Amino acid sequence: MGSFSIWHWLVVLLVVLLLFGGGKISGLMGDLAKGIKSFKQNMKEDDDKDASMAAEAPPSQPAGNLSGPAAQARATSTEPRTSNSSHPAA
C-alpha cells in the first residue's frame, strides 16, 4: 500500500496524456526551459553588476565609533578614585 507499482504509474501517465495531450506537455516543458535560461541569465547579470560596482567603489569605513570593554576600562581607570587608602581598589 505504501508504494505504487509500474501499472499504477502507467495508468497515471496515460490519464495525463489524455488530459493534456502531447503538444501541450512539450510546450510547457519548452516554456519551463526558457524560464530557467532567463533566470540564469539575470543572475549572471546581477553578479556582473555587483562585481563592477565593488571594483568602482572604494572600501568604506564603519560609520560609528564603538568602544569595547577594554577602552571603557582605560577611560575609567584615569579618573581619580575617592576610596580609603586602607581598602585597596579591586
Side-chain angles (χ1 to χ4, degrees):
M1 184 170 178
S3 68
F4 292 105
S5 69
I6 187 72
W7 296 109
H8 288 105
W9 288 114
L10 288 175
V11 170
V12 169
L13 180 63
L14 179 67
V15 170
V16 169
L17 284 176
L18 288 174
L19 290 175
F20 295 107
K24 287 185 180 179
I25 292 177
S26 66
L28 288 172
M29 297 312 264
D31 290 342
L32 180 67
K34 287 178 187 176
I36 292 172
K37 186 176 181 179
S38 174
F39 177 76
K40 286 182 180 180
Q41 182 180 6
N42 287 334
M43 290 298 291
K44 183 180 177 188
E45 288 174 2
D46 286 345
D47 288 344
D48 292 343
K49 181 180 172 184
D50 290 343
S52 67
M53 288 179 66
E56 293 173 2
S60 62
Q61 296 295 325
N65 186 8
L66 298 176
S67 60
Q72 289 175 353
R74 284 192 301 265
T76 57
S77 67
T78 58
E79 296 174 3
R81 292 193 177 147
T82 57
S83 64
N84 192 347
S85 62
S86 63
H87 297 290

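Heads up: numbering here begins at 1 and tracks the sequence. Hydrogens, waters and symmetry mates are skipped; everything else that's a heavy atom, side chains included, is used. Please read these numbers as outputs of a predicted model, since none were measured by experiment.
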Exactly one candidate in Asp46, Asp47, Asp48, Asn42 meets side chain to side chain contact (heavy atoms under 4.5 Å, CB included) with Lys44; the answer is Asp48

Residues at least two apart in sequence or cross-chain that pass ring pair (Phe, Tyr, Trp, His ring centres under 6.0 Å) with Trp9, listed by chain then number, are Phe4

Among the clusters formed by ILVMFWY side chains lying less than 4.5 Å apart, do [X] and [Y] turn up in the same one?
X     : Y     : result
Val15 : Phe20 : yes
Leu13 : Leu19 : yes
Leu18 : Val11 : no

Those residues at least two apart in sequence (or on a different chain) that pass side-chain hydrogen bond (donor to acceptor under 3.5 Å, both in side chains) with Ser5 are His8

Using side-chain heavy atoms (C-beta onward) and a distance below 4.5 Å, is Ile36 in contact with Leu32? yes

